[in-house]
Amino acid sequence: MRRKLILAVLILLAFVLQGTVFQTLSIASIVPNLLLILTVSFGFMRGNKEGMFVGFFCGFLIDIFYGSMIGFYALIYMYIGFCNGFLYKIFFDEDVKVPMVLVAGSDIAYGVLVYGLQFMLRGRLDFFSYLQHIILPEMVYTVLLTAVLYRPLYRLNRWLTENEWEGPKLP
């Protein structure tokens, strides 16, 4: 129960920071995707189910506040968390290189999916411009932020796992 409560607070905090603080820190109107970092990190550290859980609620928040239809971003984030959860077997302690590569790949997949399903279907066919001006800069910004945020997320996950297995202390 504690894990789910802390994850809910983390998701809300990341959503609020992404929508407020990082909007002011945007570079050429590009904002890092904190919710994607959270989804990839917990999918990688905890497996498919946790990645899907975190991804669904991250995407659902975006759908509620910014989306034109409910479920679009929830589905994308859920699949990203699920796919990153397959790499749970190769999880290395505090190694930040693998999560950075996963975030980069996930951010590119996210950008291509959003472009393909929201812009291309409406007749906007300038993919290379979208790739150059939106997808790649957002990926770089998000990967740089992953280098800073992954270790605290790893430590939080380790603390939650240790306290989860200990159980209540008896007198």
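Only heavy atoms go into these numbers, but all of them, side chains included; no hydrogens, no water, no symmetry mates. Because the structure is a prediction, the values reported are computed rather than measured.
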Which heavy atom in [X] sits nearest to a heavy atom in [Y], and how many Å separate them?
X	Y	answer
Val103	Val143	CG1-CG2, 4.2 Å
Gly111	Tyr130	O-CE2, 3.9 Å
Leu136	Ile108	CD2-CD1, 4.5 Å
Asp63	Met69	OD1-O, 3.5 Å
Leu131	Pro137	O-CD, 4.1 Å
Phe22	Pro32	CD2-CG, 3.7 Å

4.5 Å side-chain heavy-atom contact, [X] and [Y]:
X	Y	answer
Phe127	Tyr115	yes
Glu50	Arg3	yes
Leu61	Phe57	no

Check whether any side-chain N or O of [X] sits under 3.5 Å from a backbone N or O of [Y] as a donor-acceptor pair, and report yes or no.
X	Y	answer
Asn84	Gly43	no
Thr39	Tyr77	no
Thr24	Val21	yes
Ser26	Gln23	yes
Gln18	Leu34	yes

Say you draw a straight line from [atom1] of [X] to [atom2] of [Y]; how long is it, rounded to the nearest 0.5 Å?
X	Y	atom1	atom2	answer
Met52	Asn48	CE	CG	8.0 Å
Ile37	Leu153	CD1	CG	8.0 Å
Leu38	Thr146	CG	OG1	10.5 Å
Ile27	Tyr141	CD1	OH	4.5 Å
Leu160	Phe42	CG	CZ	7.0 Å
Leu149	Leu144	CG	CG	11.0 Å

Using the rule given for side-chain contact (heavy atoms from CB on, under 4.5 Å), can you reason through Phe15 versus Cys58, listing the C-alpha separation, both sets of side-chain angles and the distance that settles it, and then say yes or no? CA-CA 8 Å; Phe15 179 73; Cys58 287; over 6 Å; no
We want to know whether Ser41 and Arg46 form a side-chain donor-acceptor pair, criterion being a heavy-atom distance below 3.5 angstrom.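 No.
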Going by atom types only, do Thr142 and Asn33 share a side-chain donor-acceptor pair under 3.5 Å?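 No, no side-chain donor-acceptor pair sits under 3.5 Å.
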Walk me through whether Asp95 and Val98 qualify under side-chain contact (heavy atoms from CB on, under 4.5 Å). CA-CA 7 Å; Asp95 184 24; Val98 174; 3.7 Å; yes
Cluster link [X] to [Y], ILVMFWY, side chain under 4.5 Å:
X	Y	value
Val16	Val9	no
Ile70	Ile76	yes
Phe65	Leu10	yes
Val54	Leu5	no
Val31	Val148	no

Going through the distances and angles, do Tyr110 and Glu138 end up as a side-chain contact (heavy atoms from CB on, under 4.5 Å)? CA-CA 11 Å; Tyr110 168 80; Glu138 180 183 311; 4.0 Å; yes
Please determine whether side-chain contact (heavy atoms from CB on, under 4.5 Å) holds for the pair Phe44 and Tyr150, giving the CA-CA distance in whole Å, both sets of side-chain angles, and the decisive distance to 0.1 Å. CA-CA 11 Å; Phe44 180 60; Tyr150 181 73; 3.8 Å; yes
[X] atom [atom1], neighbour heavy-atom count above 12 within 6.0 Å:
X	atom1	value
Phe53	CZ	yes
Phe72	CZ	yes
Tyr154	OH	yes

If you draw the axis of the six-membered ring of Phe82, does the NZ or CZ of Lys49 fall within 45° of it and under 6.0 Å from the ring centre?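 Because its charged atom misses either the 6.0 Å distance or the 45° angle limit, Lys49 does not stack over Phe82.
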